[in-house]
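Since the structure is predicted, the reported quantities are computational estimates derived from the model, not experimental observations.
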Amino acid sequence: MYETMDELMASVQRRLYRMRGLAEDMAAVRARETAQDGSITAEVDGNGALLNLEFSQAISRLSPAEFETTLVATAAAAARRAFELRGEIVAAFNEEVAE
């Protein structure tokens with residue numbers, strides 16, 4: 001597989017750098033979703049943790065129950081998108097490492 005120790009070390013070094021890159025890419029994931037009515041925008045990190053909420057004037061037309069439902073649905077949609085992005089990053093990493 002490797003003819004010299006230098007080749008082995010170079011391969012290990014490349015993989016180590018790529019692992020660090022993977023960690024950085026995962027930490028940088030952010031996703032934003034806006035409710036269909038534009039009332040709420042949620043931003044989450046790659047773990048689905050809520051980072052920011054923005055409200056438009058449209059929230060004034062929502063009942064408390066509608067506000068709750070819209071907020072939860074919007075944050076959940078942002079989290080789903082963040083997890084999709086993480087999945088894409090991991091899939092690309094796996095393909096690269098398999099080569």
* Hey, quick one: are Ile89 and Met19 part of the same hydrophobic cluster, counting side-chain heavy atoms closer than 4.5 Å, chains of contacts allowed? -> yes
* For Phe93, check ring-ring contact (aromatic ring centres under 6.0 Å, His included) against everything at least two apart and list the hits. => none
* To do: First locate atom CZ of Arg15, then atom CG of Leu22, and finally report the distance between them rounded to the nearest 0.5 Å.
  => 13.5 Å
* Structure fact -> d(Ile59 CD1, Leu71 CG) to nearest 0.5 Å is 10.0 Å
* Partner residues of Glu54 under the salt bridge (Lys or Arg N to Asp or Glu O under 4.0 Å) criterion, sequence neighbours left out -> Arg32
* **Contact list for residues 67-78, test salt bridge (Lys or Arg N to Asp or Glu O under 4.0 Å), sequence neighbours left out** => none
Distance-only criterion, 3.5 Å: show the donor-acceptor pairs between side-chain atoms of residues 38-49 and protein atoms not counting sequence neighbours.
unit_1 : atom_1 : unit_2 : atom_2 : d
Ser39  : OG     : Asp37  : OD1    : 2.7
Ser39  : OG     : Asp37  : OD2    : 3.3
Thr41  : OG1    : Thr34  : OG1    : 2.8
Asp45  : OD1    : Asn47  : N      : 2.9
Asp45  : OD1    : Gly48  : N      : 3.1
Asp45  : OD1    : Ala49  : N      : 2.9
Asn47  : OD1    : Arg86  : NH1    : 2.7

* To do: Report the residues that fulfil side-chain hydrogen bond (donor to acceptor under 3.5 Å, both in side chains) with Glu66, sequence neighbours left out, ordered by chain and then residue number.
  => Ser63
Report all side-chain donor-acceptor pairs from residues 73-85 shorter than 3.5 Å, counting only partners two or more places apart or in another chain.
unit_1 : atom_1 : unit_2 : atom_2 : d
Thr74  : OG1    : Thr70  : O      : 2.7
Arg81  : NH1    : Glu84  : OE1    : 3.1

